[in-house]
2 protein chains.
Amino acid sequence: MEASSNEFLRGTLKTIVLKLLAEQGRMYGYEITQSVKERTSGEITLTFGALYPVLHKLEQDGFLMTESEEVDGRLRKYYSLTPSGNATAVQKVSDFERFVEAMQSLLRPQNGEISLAKL
Amino acid sequence: MEASSNEFLRGTLKTIVLKLLAEQGRMYGYEITQSVKERTSGEITLTFGALYPVLHKLEQDGFLMTESEEVDGRLRKYYSLTPSGNATAVQKVSDFERFVEAMQSLLRPQNGEISLAKL
DNA sequence: TTTGATATATAAAAAACTTATATATATATT
DNA sequence: AATATATATATAAGTTTTTTATATATCAAA
């Protein structure tokens, strides 16, 4: 019953994180994984081993800032966007949309394929 | 003037190659790079360093078969799909479309963002 | 003759991701 | 009381994928 690890996720992780933070203001790591799972009906699952390194990298690069809070005796590390993180979020979402359009022009059925599908 | 290397291309290379071969019947490496560049108006550019290893890998995995031909004194290695390659092509294109739908549900502007964009 | 287009290929390095592991608290179940 | 599950972050080892650089070779055009 495991959601098969998605090869297409490669390269989109930063975009997802930046976009969710742009939208939500601030989130903590665990919350991001849950949010992605829910909103995609389980289609996309972020693993912690992938997420945390990405969060640290984005922080290093000056796109994110953090504040730690103790909630119910557990530590939460909230991430939010810096101004340059915000700009990058906008850019990356737009880049992804352009990429998908380019992919559609490759993956759209061409000439002969339609008739085959009609059989 | 270089097309900036596209991070989103990660993980989609095999899908692109399989789909083009499913559509065109047979192609050689160089032809694949040119076709992708043209059809995406330069948006997606496959590098040879990435393409050839992928072609070899797909051949190893039994998805592609090859025939070499000499054309104008130069060697061309034509690739075409095996039956399992054909099935994989169909599967991967469908997987990619599902992935894009999932991504849309993450990247679509939510609640507050629309009004911000309207300012 | 040298540049650009055509054509394939590999090796070294970097980047990204998976899998496994570690730690710790709270709640629900047996 | 013990165990499992959910919450929460983190890192290390290993694999895969991709980038960048390099090598080889023919043909056509400037």
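Not measured: the values here are computed from a predicted model. Every chain is numbered from 1, with letters handed out A, B, ... down the list of sequences.
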Show each protein N/O and nucleotides 26-28 of chain D N/O combination with a separation under 3.5 Å, one pair to a line.
unit_1	atom_1	unit_2	atom_2	d
D:dT26	O2	B:Arg74	NH1	2.6
D:dC27	O4'	B:Arg74	NH1	3.2

- Message: Working note: A:Tyr30 + A:Leu51, criterion side chain to side chain contact (heavy atoms under 4.5 Å, CB included); need CA distance, chi angles, decisive distance, verdict.
- Response: CA-CA 9 Å; A:Tyr30 187 84; A:Leu51 178 64; over 6 Å; no
Distance in angstrom units between [X] [atom1] and [N] [atom2], rounded:
X	N	atom1	atom2	result
A:Leu58	C:dA15	CG	C1'	14 Å
B:Leu9	D:dT19	CG	P	7 Å
B:Leu64	C:dT8	CG	P	14 Å
B:Leu46	C:dT8	CG	P	13 Å
B:Leu55	D:dT17	CG	C1'	15 Å
B:Leu13	C:dA15	CG	P	19 Å

- Query: Given the rule that I, L, V, M, F, W and Y join up when any side-chain heavy atoms are under 4.5 Å apart, are A:Met65 and A:Ile32 in one cluster?
  - Reply: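 As far as the 4.5 Å side-chain criterion goes, A:Ile32 and A:Met65 are not connected within one cluster.
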- Query: Would B:Glu31 and B:Arg76 pass as an ion pair if we require N to O under 4.0 Å?
  - Reply: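 Looking at B:Glu31 and B:Arg76, the cut-off is not met.
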- Item | Stepwise salt bridge (charged side-chain N to carboxylate O under 4.0 Å, His left out) check, A:Lys14 with B:Glu7 | CA-CA 10 Å; A:Lys14 281 182 191 172; B:Glu7 59 183 308; over 6 Å; no
Contacts under 3.5 Å, N or O only, protein and nucleotides 10-13 of chain D:
unit_1	atom_1	unit_2	atom_2	d
D:dA10	OP1	A:Lys77	NZ	2.9

- Would you mind classifying the nucleic acid contact of A:Lys57 as base, sugar-phosphate or nothing, using non-hydrogen atoms under 4.0 angstrom?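 It contacts nothing in the nucleic acid.
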- Item | Stepwise side chain to side chain contact (heavy atoms under 4.5 Å, CB included) test for B:Arg98 and A:Glu43 | CA-CA 8 Å; B:Arg98 276 181 64 189; A:Glu43 182 70 20; 2.6 Å; yes
- Would you please classify the geometry between the A:Phe8 ring and the B:Phe96 ring as parallel, tilted or perpendicular, with 30° and 60° separating the classes?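 Perpendicular, since the angle between the ring planes exceeds 60°.
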- Test B:Ile16 against B:Leu9 for side chain to side chain contact (heavy atoms under 4.5 Å, CB included), laying out the working first. CA-CA 10 Å; B:Ile16 292 172; B:Leu9 199 52; 3.8 Å; yes
- Task: Return the residues of residues 25-39 of chain B meeting this criterion: a heavy atom under 4.0 Å from some atom of DNA chain C. Order them by number, or give none.
- Result: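 Residues of residues 25-39 of chain B under 4.0 Å from DNA chain C: B:Tyr28, B:Gly29, B:Tyr30.
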- Compare all side-chain heavy atoms of B:Thr47 with those of B:Thr33 and state whether any distance is below 4.5 angstrom.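 Answer no - side chains too far apart.
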- Looking at A:Arg76, does any N or O in its side chain come under 4.0 Å of the phosphate oxygens OP1/OP2 on D:dA8?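 So the side-chain polar atoms of A:Arg76 do come within 4.0 Å of the phosphate oxygens OP1 or OP2 of D:dA8, strictly under.
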- Query: Which residue lies toward the 5' end of DNA chain D, B:Leu51 or A:Tyr78, if each is placed at its nearest nucleotide?
  - Reply: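 Whichever sits nearer the 5' end wins; that is A:Tyr78.
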- Output the distance between atom CG (A:Leu55) and atom CG (A:Leu21), rounded to the nearest 0.5 Å.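 Those atoms lie 7.5 Å apart.
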- Item | Flag, side chain of B:Arg39 to backbone of A:Ser105, donor-acceptor distance under 3.5 Å |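 Yes, B:Arg39 side chain to A:Ser105 backbone: donor-acceptor pair under 3.5 Å.
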- Minimum heavy-atom separation for A:Thr40 to B:Ala102, with atom names?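 Nearest pair, atom of A:Thr40 first, then B:Ala102: CG2-O, 3.6 Å.
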